[in-house]
Structure formats: structure tokens, C-alpha cells
Amino acid sequence: MVREHPFFRQLISLSLPVDGYVVAGSGPMFAHGLRREIGDIDVVAGGAAWSRALEMGHPEAAPLGFAQHVALFGGTIEILDGWFGYPVGMLIQEAEVIEGIRFMPLARVLEWKVKFVDHGMGREKDRRDIEVIRQHLR
């Protein structure tokens, strides 16, 4: 199911080192069937995976300013060198693998979304996501 989505096909086509990235944002919710649609894929990359991203595009400040990012495929894939202050290596290490793709665990997605909302940066979709994830994890 996940690998059939066009955005994940794009991600796979990049041939990033599998142990060098983790899908964050709403991608993990999609992988767990908690979202039917996603607007893009946020990929947090370190080491060789980030170096590969730099070969494919020019880094710019991420829209929320917490990292550098390389936007590919018209922005449907965003590769970032950070994620809201979390250590990139830790995020990659704790990832769960679904269909051969590394995803941020839902508990971590919940954690950062709650922080995001608590700091006044959350969007309505983040508030909805928090409730959906909480219900799923119960």
C-alpha cells in the first residue's frame, strides 16, 4: 500500500541510503492507515543521505525555519537536515520500518505535534492529527 503511493515511489527512486533517513511529518500516519492523503513527504536525513540530497538540489531554509531542506519533485518530497531540534541520528535509529521504508514512530509524531501546538504554531490539521494518533495508540 505505502510503496504504491506516487510520493513514496518518488522517494524510493532517489536511492537514499536506507539507514540514513526517516519519514516524518504526516507520512507515518499514512503508513499506519490513519491518513488517506498526504500533500508531501518530509524526509529527515543525515550523513550520506543528506549528502545525496545536496547532490540533487540546493538547500534552503525550511518553511518553518528549523532546518535546511531540499525540495524535490516540485516539493512533493522535502529532505531536511533536522526536525524541530531532535537529534537526527536518534530519529533515524528509533525509526520503524514499514514496507522497507523508515518511519518516525507514531509516539514521536504525537510528541512533536503536541509541542508544535503548545508553542502556538499548530495548524488545525495538527490538532486533528493529535486526537487521531491518541485514539490509535490507546
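Model, not experiment: these values are computed from the prediction.
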* Side chains of Ser13 and Phe73: closer than 4.5 Å at any heavy-atom pair? -> yes
* To do: Provide the closest heavy-atom pair for Ala48 versus Pro17 in the form atom of the first, atom of the second, distance.
  => CB-CG, 3.9 Å
* **Residues that Glu4 engages under salt bridge (charged side-chain N to carboxylate O under 4.0 Å, His left out), provided they are two or more places apart** => none
* Look at the rings of Phe84 and Trp112 and say which category their plane angle falls in: under 30° parallel, 30 to 60° tilted, over 60° perpendicular. => parallel
* To do: Could you tell me which residues satisfy side chain to side chain donor-acceptor pair (under 3.5 Å) with Thr76, sequence neighbours excluded, listed by chain and number?
  => Gln10
* Within a strict 4.5 Å, meaning less than it, do heavy atoms of the Met29 and Val132 side chains meet? -> yes
Please list, one pair per line, the donor and acceptor atoms closer than 3.5 Å that link side chains of residues 59-69 to other protein atoms, with sequence neighbours excluded.
unit_1	atom_1	unit_2	atom_2	d
His69	ND1	Glu78	OE1	3.0

* Structure fact -> Applying side chain to side chain donor-acceptor pair (under 3.5 Å) to Arg3 and not counting sequence neighbours gives none
* Structure fact -> For Val88, the side chain to side chain contact (heavy atoms under 4.5 Å, CB included) test, sequence neighbours excluded, returns Val44, Ile92
* Asked: Val18 versus Ile101: any side-chain heavy-atom pair under 4.5 Å?
  -> no
* What residue pairs, at least two apart or across chains, pass salt bridge (Lys or Arg N to Asp or Glu O under 4.0 Å) with a residue in residues 80-92? -> none
* Can you sort out the partners of Arg128 under salt bridge (charged side-chain N to carboxylate O under 4.0 Å, His left out), two or more places apart, ordered by chain and number? => none
* **Leu14 side, atom CG; Arg9 side, atom CZ - distance, nearest 0.5 Å** => 14.5 Å
* To do: Write out all pairs satisfying side-chain hydrogen bond (donor to acceptor under 3.5 Å, both in side chains) with one or both partners inside residues 36-47, taking only residues at least two apart or from two chains.
  => none
* Structure fact -> When rounded to the nearest 0.5 Å, the distance separating CG of Leu34 from CG of Asp129 is 9.0 Å
* Asked: Taking side chain as C-beta onward, heavy atoms only, is His58 less than 4.5 Å from Val70?
  -> no
* All pairs passing salt bridge (Lys or Arg N to Asp or Glu O under 4.0 Å) where residues 87-102 contributes a residue, at least two apart -> Glu94-Arg108
* To do: Provide the full list of ring pair (Phe, Tyr, Trp, His ring centres under 6.0 Å) pairs with a residue in residues 12-31, sequence neighbours left out, each pair given once.
  => His5-Phe30, Phe8-Phe30
